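Fair warning: this is a prediction, and the values are worked out from it, not measured in the lab. Note on naming: letters A, B, ... go to the chains in the order of the sequence lines (proteins, then strands), and numbering restarts at 1 for each one.
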Amino acid sequence: MTRTIAFDQRSRQQTHFTTCYMCACRCGIKVTVESNKVRFIQGNLNHPVNKGVLCAKGSAGIMKQYSAAKLKKPLKRRPGSERGTADFVEIEWDEALEILTARLSKIRSTNPTQLAFFTGRDQMQALSGLWAQQFGTPNWAAHGGFCSVNMAVAGLYTIGYSFWEFGAPDWEHAKYFLLWGVAEDHSSNPIKIGLEKLKRRGAKFVSINPIRTGYSAIADEWLPIRPGTDGLLALAIVHVLLKRGLIDWEFLIRYTNAPWLVVQTPGIAGDGLFARDAEDHPLVWDQQAQRLVNGLEPEIAPALFATVKLDDGRVAKSVLSLAAERYLDERYSPEQVAATCGVPAETITRIAYEMAHVAFNEAVELPISWTDMHGRTHDKVVGRPVAMYAMRGISAHSNGFHTCRALHLIQMLLGALEGPGNFRARAPYPRRIPMRTLPENDPAIIFAADTPLKRMPNGNPARPEDLVIDKDGRPLRIDKAYSWETPLSPHGLMHMVITNAANRDPYPIDTLLLFMANMAWNSTMNTGEVREMLVRKDDRGEYVIPFLVVVDAFHSETVNFADLVLPDTTYLERYDAISLLDRPISEPDAAADAIRHPVIALDRDVRPWQEVLVELASRLKFPAFTSADGSRKFRDYKDFIVNYEKFPGIGFLAGWRGADGESHLRGAPNPKQWEKYIENQSFFSYPWPENMRYYRFANKDYLEFAEKHALFGTPPVAVIMQMYSEPLQKFRLAGQGLYDGPQPSSPTDQERLARYFDPLPFWYEPLESARVSHDEYPLHAITQRPMMMYHSWDSQNAWLRQIISENYLYMNRGTAARLGLADFDWVWVESHHGRLRCQLKTMEGVEANTVWTWNAVGRQAGTAGLDEDASEATAGFLFNHLISELLPKGNADDRRLTNSDPVTGQAAWFDLRVKVSKCAVGETGIWPIFPMSKRLPGDTGRRPSTLRYHTEAPS
Amino acid sequence: MKPSLSIIFFTVSSGAGLGLLALLALGDLLDQALPSDALMQGIAVALALVAAGLASSVLHLAKPANAWRAFSRFRTSWLSREAVFAACLFPVALAYGVLAWTAEGGALRALAALGVALLAWAVLVSTAMIYASLKPIRQWYSAWTPVNYLLLGHWSGAVLLLGLARAHAAHERSFGWLAGVLGVAALIAKIGQWRAITAGARDAPTLERAIGVPKYPNEYSNKYANKYANEGAQPPGMTMARARLFDVGHSHGTFLTDEFGFVLARRNAVALRIAALSAGFGVPAAWIASGATNAAVAWLAAIVCLAGLLAERWLFFAEAQHTVRLYHGAPRT
Amino acid sequence: MRLGLVIDLDTCVGCHACATACKEWNASSPVSGPLSDYEPFGAEPSGVWFNRVRHYELGEYPASKTINFPMSCMHCADADCVTVCPTGASYKRDDGIVLVDQDKCMGCNLCAWACPYGARELDTASGTMKKCTLCVDRINDELLPPEERQPACVLACPTHGRFFGDFDDPASEVSRLTAERGGFGLMPELGYAPVNQYLPPREPKTVIAASDVKALLERGLASLASPVIRR
Ligand SMILES: Nc1nc2c(c(=O)[nH]1)N[C@H]1C(S)=C(S)[C@@H](COP(=O)(O)OP(=O)(O)OC[C@H]3O[C@@H](n4cnc5c(=O)[nH]c(N)nc54)[C@H](O)[C@@H]3O)O[C@H]1N2
Ligand SMILES: Nc1nc2c(c(=O)[nH]1)N[C@H]1C(S)=C(S)[C@@H](COP(=O)(O)OP(=O)(O)OC[C@H]3O[C@@H](n4cnc5c(=O)[nH]c(N)nc54)[C@H](O)[C@@H]3O)O[C@H]1N2
Ligand code: SF4
Ligand code: SF4
Ligand code: SF4
Ligand code: SF4
Ligand code: SF4
Ligand SMILES: [Mo]
């Protein structure tokens, strides 16, 4: 039986290609629009990121567009009202811009550091960073510090690219894949696409994760590791590989600093630095010539293991000798680490063997000819098809930097980097190690009125001289990034900004500008107190943070605290450039960037923030935005993107440059560039020719090409992987009082530098864990991202919140039985810092000493466009209340240290330890809860009881 | 299954009405006809009960405007058959009433009586088969369901009939016996069904079967076989890994949880069974045995009987477990 | 023709993309949209979905295995949901797709009771029963480019764990996958002959045989001396 069915009336529809923004993965989408309403959002089949697929968030984009939480107009705190009460009046954009321009202009002409501009998962950091630099404040950073800077720093200081957005596994060729601590990742769809490829090819997939959900569900093997112990597991694998000689000698000799000689003069300046020749080249011991030679030369025969006497009589050892001495120690044997990691010794050994077996016995050879850095041409590329990927399960611990380095150490030993089947770089990486960008740190420039910084506010220090501190060693930045407490913190410490500003430590600020970060809620540690800090007043009754500007598209918890709210557009309503100057969307085989353009007409009085940034920059007459005659240089954001050049020929968008639109990557501005992008489905992809695809750290053609296109910022010299990190050793020497340059005066800093700036990876217990009693707080507490929710954004999404609008505390069933707890019990969860009440659920797939919950499900009543009794507010909760931004006391002095990785400043969200106990009878309900937020002006609070979304009026 | 009041009322009310109609007509055919005024009263009461039931069943529809379409699938749908038979029953029953009033006897009246009985049975059986044909609900998918519907309908009809008979002092003995026999049969059927439900639990579908665990590689279906067998969730003889729901994929209720999610507490089940038995059978049986002729007492007995049957029907729904519950985490149905 | 889906439990990560893509497509579908949402911003949001993803655990920690389990209409060959329907609103097409004619349904729920798999959901706003249409208005829409004539859930699935095709054609991808991977229908004992097939999780991969381990060990690091390799 077949009856006729109706089809869409295609003639009434338009389709547009643009880029998704429901998360930072930035997939290509095809949007079908009917009567200015979104009919359908699907993946763009041609897009390099998602190749046609789309995740749950992307597919639910319609409900983001029709969210009840959208801001509608600029808002000003009602004069005389208290901050934080969401008591606003609507104002016009002119007034908003005037208020802000006046304020900023005054700050800029007096003390530019009084502006702190921090952005969340900002997809245009290149623009906001440029803006801050032009303003002249060092107080800028995006979300990296509270997100995954450990991965970035460990990678960029070790292999020249990194986990997170700077590299990706080679899904096409890998035969063995280890996934360390990943639930979703920024590369959300690519990982899913990749896992499928691996499984169909019969590659083995091992997931190392205390929790078995999502990706781990489909792993061939699940290793339920104890949180914070991955470094130990990785180094035990290193132990096995070294002990059995399961290492790629050639790779180590050619591409890493494993043979470089390290001076051994404990207690004397220069200890632990590389032995160098007069021209500063690192020295190695040539096994054939039997003498010291410049380690960068071709055709030498470096000894991987060597202890030699230098010409000046000092003893030096090769890096690999030092590594072997350390990791062959029984401390790192599988048997020794098993109990701490919770992974049986046999399993660790087997995994090490399996990796070695695949690497050495199942190598992939591709008939691709390429030329190495010394000009030698090879007729094939050989890959050791073991790939790894790691994210916040590694990075969100205070030992994450070293753990991540330990993973790169395994990759180096196996020769499994940048070849077929390996973890590979995404343009514009790999870069030189360390990168040459240094953060502005000259106080004279930083405090100069009306003057841009000479360098960017953020960069990659290589030695103590690069720290952003004053001559007394005090931090020059409000978040204390690049200070002795966390020297290598190139993404700042967003999680410390409010605390420091509230304590006026290191100095008071005037204006805090937050873009796209819900800092009064889920992206802050210690949420309850931070909310109090935001409204704290000093003795004179003035707010300690005098002026707070929030730029958001939706009614978030943070909006409620603003003095000025600047409403943004949604991703379907604006132009955006997803630039190669920023966080790449490139894939290993192609450099790529993308744009967004409006596909839906605006229906309210909001403006794209980038438009506002260009406007403010012009009003404030930033040099880069002002012509010689003092007039504004760029009409608007679109004009800026087309015409701004970072270096001649290098701009925000790499495709279709040149007057004729024919020059890619580098070329003169093209006035029709936006049109070109739109014509080409809103993305640009530059596939690497075969000969530039692999070993790019040592691939002559690639390196020369990259240099020519400055975009990629790599000089035509090989990137030598740094198994042993000399920059770390320099900081360590400073801590030991052996550095010929700035040195810390506080014993706490000295101790931390001496301990944590180990030039070789090592494992230590996470800092919070080491400072609290394990008897009192026996359990680890971590969070995971739900695949269909993007942080707190998606509670406003009427479809996604049906899938999850409340959360539970998940506990291993056996553990719960031991504690006398059962499903749906109300429990108290307590940390050294605070406590909360929630409901328990048991499960099998979680490590026995770990409890967890979904991240950012709880919301404050009345925000996100939700009703007062929305279950996000009545049954959802945040772990953030339990997490302190400061470590428990424990250092010699009284200073409270940041709860971050001591090397990078990465927020240590997952170091949390808790105890869980059953609530008293009658004690039920989520706690803490926050009072209902006031509705914003223009919001009646009335919501439909039934929603019947349809592009055509429902019958 | 969600005990839907409109349907519970419908099946009990129309069941009694249909039972009464069938017995009235049958009595007539077997020469046990009530006096015509009593017969008229009986038909009126029966049709009122059936009509009330049907009206209530329409309330259950989410789009009553389309109810008229329910006649269109007689060939496959028991609900359609029920509707068609019910629609035929009314004119035939009315015709029978007219004939019973006007004609003392005759072939036409007998034919009408026969028609009424057959149609009443057809409606009753159709109603029962709506439930009995639902494979996803093992508690219903059984011959016990039509047997119960038929016998319970006739039992409650017989109680009403006996009330009429006693009020009109006609055929009290034979109808008393009839009620007694039907009561015993219905009781046996009811208890039989309950026992069958309990017995069927042994090979009731499990969550493991629902998600196909036996089809998974040994690595998953056997190796991970758990040690919780003593919790009783594992069917005897199975070495399959035990499955548990981790997350149902939505935070709050859905149509499916509303419709199928109802769980009856054990305690309530026992209480309801006692109520069903004592009110549905005990009280009317006592009344039958007492031989009381008082009309008010008869009405009371009939109402208590129907109330008991409402409890029984409520249980019929509440104890039924749809296979969807497995996917929502029930270890078995 | 027997059109239906194959769902690969070996790659499904339980991301709910198929469920939301389905909701999105069908919300505005002329066949059965809109799909009502109740209290969308309220205490207990709920709504009509054609495809839901559930998550189960097998076995006991640490040897437990998590299974993500999407379910939509199986387009059963012997679909009681059709035969029980009194109005004729539910029907099965020649290509095997089971549909509900929204103009005819009276919202009696009987078909939902008859469906073992929870594939039918009543929309209380329209008063009619709704269910997966196998995206009949995509797969048959000749104005769509051929590569997009696929169900929305299949297009979206990031792990390519969903396949659409004709099970009567032994050469189709769905038939082939089902045969090769031991695909199975749910609860066949109920006799509905569900057309959709699930591919079981694969046997976990073993990487090295014992002999390989030996070979590896023989590589053993004799001394801390490196071979001569030219840089
Ligand atoms: N306990 C715990 N806490 C965590 C984490 C964890 O794992 N566990 N993860 C941490 C990590 S890695 C991160 S990155 C942070 C994320 O934390 P946040 O960056 O604060 O994340 P969101 O909740 O996404 O908030 C971003 C804000 O951006 C707004 N927004 C959305 N779209 C737009 C837009 O188009 N324009 C503008 N202007 N605003 C928009 C949203 O409304 C929201 O208020 O959370 C951190 N917090
Ligand atoms: N759907 C969705 N996607 C997102 C986001 C989102 O909110 N929702 N957020 C985006 C952002 S800002 C980020 S930073 C990325 C983060 O992406 P992920 O890194 O995947 O972030 P998390 O969800 O925090 O997952 C951390 C994982 O590490 C595990 N884990 C915790 N501690 C340890 C440990 O000590 N060892 C090991 N081996 N594992 C551990 C946890 O169980 C969890 O599975 O995701 C991005 N993508
Ligand atoms: S992963 Fe999902 S939400 Fe993120 S950009 Fe891609 S489709 Fe959008
Ligand atoms: S899955 Fe349910 S709704 Fe679909 S055809 Fe089978 S019985 Fe009918
Ligand atoms: S609810 Fe609609 S489709 Fe289902 S059986 Fe009733 S009339 Fe048929
Ligand atoms: S085939 Fe279409 S209607 Fe069916 S589940 Fe997939 S997307 Fe939904
Ligand atoms: S979209 Fe694919 S991976 Fe995600 S839940 Fe559906 S079937 Fe599974
Ligand atoms: Mo993040």
Side-chain angles (χ1 to χ4, degrees), chain A residues 1-2 5-7 10 39 42 53-56 59-60 62 68 189 192 196 199 204 212-215 217 220 224 244-245 249-250 253-254 287 298-305 353-354 356-357 787-788 798-799 801-803 812 844-845 865-867 869 871 943 946-951 954, chain C residues 10-11 13-17 20-21 23-25 27-28 30-31 33-34 36-47 57 60-62 64 66 68 91 93-94 125 136-137 141 143 155-160 204-205 207-208 212-213 216-217 219-221 224-231:
Chain A
M1 193 193 328
T2 299
I5 55 144
F7 295 106
R10 304 260 161 226
R39 165 69 181 92
Q42 66 193 101
V53 307
L54 208 65
C55 81
S59 298
I62 292 180
N189 281 332
K192 296 183 188 94
E196 183 248 357
K199 295 218 88 186
K204 177 160 179 176
R212 186 166 207 178
T213 56
Y215 303 156
D220 291 282
R244 298 293 173 193
W249 304 94
E250 282 185 37
I253 286 175
R254 296 213 170 111
Q287 294 201 92
E299 300 305 328
I300 53 173
L304 272 181
F305 296 101
Y353 287 168
E354 287 183 355
H357 172 73
M787 286 183 170
M788 57 291 175
W799 290 344
R801 69 183 290 260
Q802 292 181 43
I803 301 175
N812 180 291
E844 300 295 334
L866 302 179
D867 285 349
D869 55 359
S871 70
R943 303 283 181 263
T946 303
L947 173 71
R948 304 184 73 202
Y949 183 77
H950 198 287
T951 41
Chain C
D10 192 53
T11 60
V13 293
C15 68
H16 292 253
T20 38
K23 177 95 178 163
E24 178 198 29
W25 172 258
S28 291
V31 178
S36 300
D37 295 304
Y38 318 119
E39 303 302 335
F41 305 104
E44 301 196 344
S46 165
E57 294 187 309
E60 190 194 358
Y61 174 83
S64 66
T66 307
N68 302 300
Y91 66 107
R93 298 176 11 130
D94 296 338
V136 61
D137 51 349
D141 184 350
L143 295 179
L155 284 180
C157 175
T159 67
H160 297 113
K205 166 111 180 149
V207 170
I208 29 179
D212 288 329
V213 175
L216 279 173
L217 296 188
R219 270 181 79 111
L221 192 58
L224 291 186
S226 43
V228 174
I229 291 171
R230 305 193 70 84
R231 186 166 185 274

Spacing of A:Gln287 atom CD and C:Arg230 atom CZ [to the nearest 0.5 Å]:
11.0 Å
Relative to chain C, which of A:Leu304, A:Asn812, A:Ile300 shows the most heavy atom pairs under 4.5 Å?
A:Ile300
Hey, what do you get for OG1 (A:Thr946) to CD (C:Glu39), rounding to the nearest 0.5 Å?
7.0 Å
Begin with the C-alpha distance, continue with both residues' side-chain angles, and end with the deciding distance and a verdict on side chain to side chain contact (heavy atoms under 4.5 Å, CB included) for C:Asp141 and A:Arg10.
CA-CA 10 Å; C:Asp141 184 350; A:Arg10 304 260 161 226; 2.9 Å; yes
Without swapping roles, check the side chain of A:Ser59 against the backbone of C:Thr20 for a donor-acceptor pair under 3.5 Å.
no
Is there a donor-acceptor contact under 3.5 Å from the side chain of C:Glu24 to the main chain of A:Ile62?
no
Closest heavy-atom contact between C:Asp37 and A:Trp799?
OD2-NE1, 2.9 Å
Can you tell me how far the CG atom of C:Asp10 sits from the NZ atom of A:Lys199, to the nearest 0.5 Å?
3.5 Å
Which pair of non-hydrogen atoms, one from C:Pro158 and one from A:Leu54, has the smallest distance, and what is that distance?
CG-O, 3.6 Å
Could you report the tightest heavy-atom contact between A:Gly865 and C:Phe41, atom names first, then the distance?
O-CB, 3.7 Å
Heavy-atom donor-acceptor pair, A:Arg212 side chain to C:Ser64 backbone, under 3.5 Å
yes
C:Trp25 versus A:Arg39, closest heavy-atom pair with distance
O-NH1, 2.9 Å
Could you go through the side chain to side chain contact (heavy atoms under 4.5 Å, CB included) check for C:Val207 and A:His357 one step at a time?
CA-CA 8 Å; C:Val207 170; A:His357 172 73; 3.9 Å; yes
Can you see which heavy atom on C:Asn68 is nearest to which on A:Gly214, and at what distance?
ND2-O, 4.1 Å
Keeping A:Arg801 on the side-chain end and C:Glu44 on the backbone end, is there a donor-acceptor pair under 3.5 Å?
no
Closest non-hydrogen atoms of C:Ser36 and A:Arg948, given as atom of the first, atom of the second and distance, are OG-NE, 3.4 Å
Does any heavy atom of chain C fall under 4.5 Å from the side chain of A:Ile803, the backbone, both, or neither of them?
side chain
Using a cut-off of under 4.5 Å for heavy-atom pairs, which of C:Ala43, C:Gly42, C:Ser28 has the most such pairs with chain A?
C:Ser28
So which part of C:Cys15 gets closer than 4.5 Å to some heavy atom of chain A, the side chain, the backbone, both or neither?
both
Are any side-chain N or O atoms of A:Gln42 and backbone N or O atoms of C:Leu155, one a donor and one an acceptor, separated by less than 3.5 Å?
no
Measuring from atom CD of A:Glu354 to atom NZ of C:Lys205, what distance do you get when rounded to the nearest 0.5 angstrom?
10.0 Å
Keeping A:Arg254 on the side-chain end and C:Arg231 on the backbone end, is there a donor-acceptor pair under 3.5 Å?
no
Max heavy-atom pairs within cutoff under 4.5 Å with chain C, candidates A:Thr213, A:Ile253, A:Asn189, goes to A:Ile253
Does the A:Glu844 side chain pair with the main chain of C:Glu60, one donor and one acceptor, at a distance under 3.5 Å?
no
